[in-house]
Amino acid sequence: MTFLSRRTVLAGGGLLLGAACTRRFATPDQAGTLPIPRLLDARDHGQRIGLRAQEGETTFFPGRRSATMGYNGSYLGPTLRVHRGDDVTVTVSNNLSADTTVHWHGLLVPGELDGSPHQTISPGETWRPTLPIRQPAATLFYHSHAHGRTAEQVYAGLAGLLFVTDEEEQGLGLPSDYGVDDLPILIQDRQFVDGRLVLPAGMMVALDGRRGNVILVNGAYNPRADVPRSLVRLRLVNGSNARTYDLSFSDGRAFYWIGTEGGLLEKSVELQSLTLASGQRAEILVDFSDGKPVSLVSAPDQSTLRMHGMGMMHRHEASENNAGDETVLTFSPRLASSKRGSTTLPLLLASRAVPDPATVVARRRLVLNMRLGGMMDSDEEPLTINHRRFDIDRIDEEVELGAVEIWKVSGQKMAHPFHIHGVHFDVLRRDGEEPDLLDQGPRDTIVVDEPVELLIRFDQPASKAPFLFHCHILEHEDEGMMGQFSVT
């Protein structure tokens, strides 16, 4: 599958046609209703879920069809819901013309079930992992992790949400009516030219990641969500290739942060803004009982690549001529509160045992290296970890099953979202000091600008196939800023 390049579109090139599947989304002049992905609850389907990676077409703007990819559709995929304690078999069929995988981002399963490049699905083939669900309730993320093609395939639409639920969460009285007061919010930026989706390319894309001039939510531009006049739960997922969002509400209202990538916090945190880097998730509660329309907005893309030694700085603006916040999603509290609707915030959310730092058996150091000269010099690798480019046949670190370790991770030239497969971790220190407010809770993806120290317990085996660690700017991982570790 190919995309229209920016040069082709501007030159008036022809439209690329894929499968006959076409969906119409909101337009710039008339915001449509927020699309809600179909919910597939494993218990409703005999603990079996089917996913089909396929090519298709999506009409994001009127009369402008774009070649896209999706799971069980033309763009993005259904929301999957699984229950703690269950074993769920997922049948993944590859109807693409290229290799692909499905990585369960944040799911704690053994390495051979992780969906990394070690579980590649060739065109026409099917993968059938049985996933043991043994972790607390959380909002997760599934997406392609194809070797060298992750950025392109996720950009094209191979992504979706995955919820884990359990009895403890269900007993809290949190909003849980899917699509009504419990909303999946998958945020992506994409580049459009003349209404068509294009795939940016070039040296700056390799360095800074693909960034777009349009923000999509669940595949729609500028959508409107009709919500109850009560507390509403938003499950926010940053599905962008590279962009970080600084999210707030247009009227400055406060909201309550209740969950991270690894699950619910012990107590809610009142905030007025929240930052999400690529791959990060957050659950928040917003009170719409006043009935006033309001928008979720993001500050303009402030990503800065610090070109040390080159006498220049690259600053990316997500939208042309944009001097203020960008609207992500508008809320219209026009629905009557359901019987389960509530404006009462639970005092306590979830308890969890944090590993004792006194039990640490090893310390490791990882540096996310950027050599800008390597973009022009073929003898120098531009994107590495500890000066080593990813090699799928090399194990970079060996860890003992059940061990507690501290990993100190630092970056170069820019802030990197750092993701580790197969674990949740806690942030011990940031730049030698106490962690930031937004560092708290169980994490699987963390922003590394200054050095961070991560406390990790390795409870999942990875002997048949290793786990990965990498920058979650998807272009960076494809270009080599990735390593792997065994757990035996």
Side-chain angles (χ1 to χ4, degrees), residues 25-26 28 31-32 34-35 60 76 139 141 154-155 159 161 183-192 197 200 208-225 227 232-257 259-261 269-286 288 293-305 314-332 414-417 436-438 445-447 449 472-474:
F25 291 109
L34 174 70
F60 296 97
L76 301 179
T139 296
F141 181 35
V154 173
Y155 187 92
L161 276 69
L183 301 182
I185 307 294
L186 179 57
I187 307 172
Q188 304 166 302
D189 64 328
R190 295 293 184 259
Q191 185 73 24
F192 287 86
L197 180 66
D208 208 17
R210 287 186 175 91
R211 298 169 187 271
N213 57 359
V214 169
I215 295 177
L216 303 176
V217 180
N218 297 350
Y221 170 73
N222 192 26
R224 183 196 73 248
V227 294
V232 173
R233 182 183 192 174
L234 305 182
R235 299 177 185 256
L236 304 170
V237 177
N238 184 344
S240 290
N241 282 40
R243 180 173 175 175
T244 295
Y245 296 94
D246 185 6
L247 300 169
S248 61
F249 285 91
S250 55
D251 61 0
R253 71 176 62 192
F255 55 88
Y256 300 94
W257 179 36
T260 68
E261 294 93 34
V269 179
E270 184 173 350
L271 299 172
Q272 287 185 295
S273 65
L274 177 68
T275 301
L276 282 185
S278 173
Q280 288 189 315
R281 288 92 65 207
E283 295 187 30
I284 66 173
L285 295 180
V286 188
F288 293 111
V294 65
S295 294
L296 180 69
V297 299
S298 179
D301 189 356
Q302 300 290 332
S303 177
T304 300
L305 180 63
H314 171 68
R315 181 175 181 274
H316 184 92
E317 292 288 355
S319 296
E320 296 178 3
N321 303 318
N322 183 15
D325 290 341
E326 297 175 83
T327 298
V328 176
L329 171 63
T330 298
F331 296 93
S332 180
M414 65 185 297
H416 301 266
D436 293 342
L437 174 67
L438 296 182
T445 307
I446 197 72
V447 175
D449 196 355
H472 212 275
I473 294 175
L474 302 185

Mind listing the closest non-hydrogen atom pair of [X] and [Y] along with its distance?
{"X": "Pro223", "Y": "Val217", "answer": "CG-CB, 4.0 Å"}
{"X": "Leu183", "Y": "Ala225", "answer": "CD1-CB, 4.3 Å"}
{"X": "Val154", "Y": "Gly239", "answer": "CG1-O, 4.2 Å"}
{"X": "Asp325", "Y": "Ala299", "answer": "OD1-CA, 3.4 Å"}

So how far is it from [X] [atom1] to [Y] [atom2], rounded to the nearest 0.5 Å?
{"X": "Leu236", "Y": "Ile185", "atom1": "CG", "atom2": "CD1", "answer": "6.5 Å"}
{"X": "Arg210", "Y": "Arg190", "atom1": "CZ", "atom2": "CZ", "answer": "10.0 Å"}
{"X": "Arg243", "Y": "Ile187", "atom1": "CZ", "atom2": "CD1", "answer": "9.5 Å"}
{"X": "Arg211", "Y": "Ile473", "atom1": "CZ", "atom2": "CD1", "answer": "6.0 Å"}
{"X": "Leu329", "Y": "Leu296", "atom1": "CG", "atom2": "CG", "answer": "6.0 Å"}

Would you say the side-chain atoms of [X] pair up with the backbone N or O of [Y], donor to acceptor, closer than 3.5 Å?
{"X": "Asn218", "Y": "Leu186", "answer": "yes"}
{"X": "Asn213", "Y": "Phe192", "answer": "yes"}
{"X": "Asn238", "Y": "Thr244", "answer": "no"}
{"X": "Ser278", "Y": "Ser240", "answer": "yes"}

Is there a side-chain contact between [X] and [Y] in this structure, where contact means two heavy atoms from C-beta onward sitting under 4.5 Å apart?
{"X": "Glu261", "Y": "Gln280", "value": "yes"}
{"X": "Pro184", "Y": "Val237", "value": "no"}
{"X": "Phe255", "Y": "Leu274", "value": "yes"}

Set of salt bridge (charged side-chain N to carboxylate O under 4.0 Å, His left out) partners for [X], sequence neighbours left out:
{"X": "Glu283", "answer": "Arg233, Arg235"}
{"X": "Arg281", "answer": "Asp444"}
{"X": "Asp436", "answer": "Arg430"}

Inset, instruction - Give the ring-plane orientation class for Phe249 versus Phe288, where under 30° counts as parallel, over 60° as perpendicular and anything between as tilted. - result: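 Ring orientation of Phe249 relative to Phe288: perpendicular.
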Inset, instruction - Test Ile215 against Tyr245 for side-chain contact (heavy atoms from CB on, under 4.5 Å), laying out the working first. - result: CA-CA 10 Å; Ile215 295 177; Tyr245 296 94; 4.0 Å; yes
Legend entry - Check: Ser295/Thr330 side-chain N/O donor and acceptor closer than 3.5 Å: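 Checked: Ser295/Thr330 side chains pair up, N/O donor to acceptor below 3.5 Å.
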Legend entry - Criterion side-chain contact (heavy atoms from CB on, under 4.5 Å) on Leu197 and Val214, from CA distance to verdict: CA-CA 10 Å; Leu197 180 66; Val214 169; over 6 Å; no
Legend entry - Working for side-chain contact (heavy atoms from CB on, under 4.5 Å), residues Leu438 and Leu271: CA-CA 10 Å; Leu438 296 182; Leu271 299 172; 3.9 Å; yes
Inset, instruction - Please test Gln272 against Ser248 for side-chain contact (heavy atoms from CB on, under 4.5 Å), starting from the C-alpha separation and ending with a verdict. - result: CA-CA 6 Å; Gln272 287 185 295; Ser248 61; 6.0 Å; no
